[in-house]
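Everything below concerns the one structure shown next.
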2 protein chains.
Amino acid sequence: MDINNLCLGTLCLTDASGYEIKKMFEDSFSHFQAVSFGSIYPALAKLSDQGLVSYREEAQEKRPNKKVFSITPEGRQHFFDNLMQTEPSEQYRSDFMVLMMFAHLLPEQRLEQIMQTQISQVSAELEILKGISESCCELTPGMRFTLEYGIAANTAVLELMQRRHKPLLKEIARHQQGKEKR
Amino acid sequence: MDINNLCLGTLCLTDASGYEIKKMFEDSFSHFQAVSFGSIYPALAKLSDQGLVSYREEAQEKRPNKKVFSITPEGRQHFFDNLMQTEPSEQYRSDFMVLMMFAHLLPEQRLEQIMQTQISQVSAELEILKGISESCCELTPGMRFTLEYGIAANTAVLELMQRRHKPLLKEIARHQQGKEKR
DNA sequence: ACATACATGTAAATAGTTACATGATTTC
DNA sequence: GAAATCATGTAACTATTTACATGTATGT
């Protein structure tokens, strides 16, 4: 699912500027999809050239002008076709896990720091997701599901980290001593 | 954490060929890190030029020759420095979640199919992780932890999908009818 | 006969991210 | 006085994937 389709999808929900599209993903769906200005503006320009979106320029008081994009019937069809074809694949890349994989090479203090950072980040993410789920009432059932999904995954790994944190440090220390003796 | 460091890390554990490094990640740690030949061979060549790894060519019977790489003391130091500096960041990108986000635009049959595919994939992943965890005894405590982490996350989302699968389809159908009436 | 495992490597294409450029307004 | 929010856009860079090229041996 590329940035073009994410723009089309968002514009199926409501008209929006590039800035607003980015804001929406950053605020509510960053747990499964990143977006940056450097990709969103060229994407909207390209979609406009292809006739899949149109836009009107809106002047604002005390704010810069904005380009408000709307999806065209062709854009809607194009997006629908993509939804019907796209496979539900996933990719996860974690530096935290790579660091943990080589935990036995690190001093205890550094490991403690890595664990604490990860616990903080997952906790923060969890609070954000819960916050959106509670406060926002304009969500579709599918959107609510993505929040539930994030909450379930984050809750589970947070519980694991809190439970295994201390024992793990001991196991690693024991492993390091075992290696030294040989 | 780039491919160079993944190679150095693997070679801290044992000498290996490019093929073997890829196999190790593919077999046991693909749940948080992808590797492909197109990135691994150039990376090893570069590391060799920099003096961070060395290699010997090994002839094999009934098999092509292989280049067996070893980490040098400089390589070990370089990898350690990186482990000390790398932040435990994570990125997750999910087409499944994007599809679910726009579930209200899809026919029930397609939604059913997406859900079933995701359930199968998560189940399969879970079985693989449990399999490695049980059968493989040469894992460091940190590696075991990465498996536990994957098991925890996948178990939680699988439970969620099984529990919310049917009710969600009904909620979405209701939402679609609500839209039509307006 | 066909697919898979073993084994290495290159080149083109993809899909981004990061940094830069600009500038008003508001909040701390 | 600094940082954040609003707002759009470009260009260089990075990292990686995909496809191609080559070849043996084994299993189905």
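All chains are named by letter (A, B, ...) in the order of the sequence lines, taking the proteins before the strands, and each is independently numbered beginning at 1.
Between the P atom of C:dT26 and the CD atom of A:E61 lies a distance of 11 Å, rounded to the nearest Å. With rounding to whole Å, A:M1 atom CE is found 14 Å from C:dA15 atom P. Nucleotide D:dT5 holds its P atom 16 Å from the NZ atom of A:K66, rounded to whole Å. Spacing between atom CG of B:L47 and atom P of C:dT8 amounts to 15 Å, rounded to whole angstrom units. One interatomic measurement links the two molecules: CG of A:N5 to C1' of C:dG16, which rounds to 15 Å at whole-angstrom precision. Computed from coordinates, the A:Q60 CD to D:dT5 P distance equals 17 Å when rounded to whole Å. Counting to the nearest Å, the C1' atom of C:dT8 and the OH atom of B:Y55 are 12 Å from each other. Separating the CG atom of B:L6 from the C1' atom of D:dT16 is a distance of 13 Å, rounded to the nearest angstrom.
In this structure, B:S39 does not reach the D:dA15 phosphate: none of its side-chain N or O atoms is under 4.0 Å from OP1 or OP2.
Checking D:dT17, D:dC6, C:dT17 against the side-chain heavy atoms of A:S36 singles out C:dT17 as nearest. The side chain of A:P42 has D:dT10 as its nearest neighbour among C:dG16, D:dT10, C:dC6. When distances run from any side-chain atom of A:K62 to the nucleotides C:dT8, C:dT26, D:dA25, the shortest one goes to C:dT26. Across D:dT16, D:dT10, C:dT8, the shortest atom-to-atom separation from the side chain of B:K67 is found for C:dT8. The side chain of B:Y41 lies closest to C:dA7, out of C:dA7, D:dT8, D:dT17.
A:Q113 pairs in a side chain to side chain donor-acceptor pair (under 3.5 Å) with only one of the listed residues (A:Q109, A:Q116, A:R110), which is A:R110.
A donor-acceptor contact shorter than 3.5 Å links the side chain of B:T86 to the backbone of B:N82. Between the A:T72 side chain and the A:L52 main chain, a donor and an acceptor come within less than 3.5 Å of each other. Under a 3.5 Å cut-off, the side chain of B:D95 and the backbone N or O of A:M1 do form a donor-acceptor pair.
A:E90 and B:Q118 are linked by a side-chain donor-acceptor pair at a separation below 3.5 angstrom, with hydrogens and angles left out of the test.
Taking the six-membered ring where tryptophan is involved, the planes of B:F96 and A:F145 are perpendicular, since the angle between them exceeds 60° and thus also 30°.
Comparing B:R93 and B:P64 along DNA chain C, the residue whose closest nucleotide (by nearest heavy atom) sits nearer the 5' end is B:P64. With DNA chain C read from its 5' end, the first of the two nearest nucleotides for B:G18 and A:Q33 is the one closest to B:G18. Each of A:N65 and B:F37 was matched to the nucleotide of DNA chain D holding its nearest heavy atom; the match closer to the 5' end belongs to A:N65.
Taking every heavy atom of residues 19-26 of chain B and every atom of DNA chain C, pairs under 4.0 Å involve B:Y19, B:K23, by number.
At least one side-chain heavy atom of A:M101 sits under 4.5 Å from a side-chain heavy atom of B:F25.
Inter-axis angle, ends of the helix from C:dA1-D:dT28 to C:dC28-D:dG1, five pairs per end, rounded to 10 degrees: 50°.
For residues 98-126 of chain B, every residue pair satisfying the ring pair (Phe, Tyr, Trp, His ring centres under 6.0 Å) rule, not counting sequence neighbours, is listed here: A:F79-B:F102, B:H104-B:H175.
Separation of the B:Y55 and B:F69 ring centroids falls under the 6.0 Å cut-off.
The two atoms that bring A:A103 and A:I172 nearest to each other are CB-CD1, 3.6 Å, heavy atoms only.
Across all strands, B:A34 comes closer than 4.0 Å only to sugar-phosphate atoms, never to a base (heavy-atom distances).
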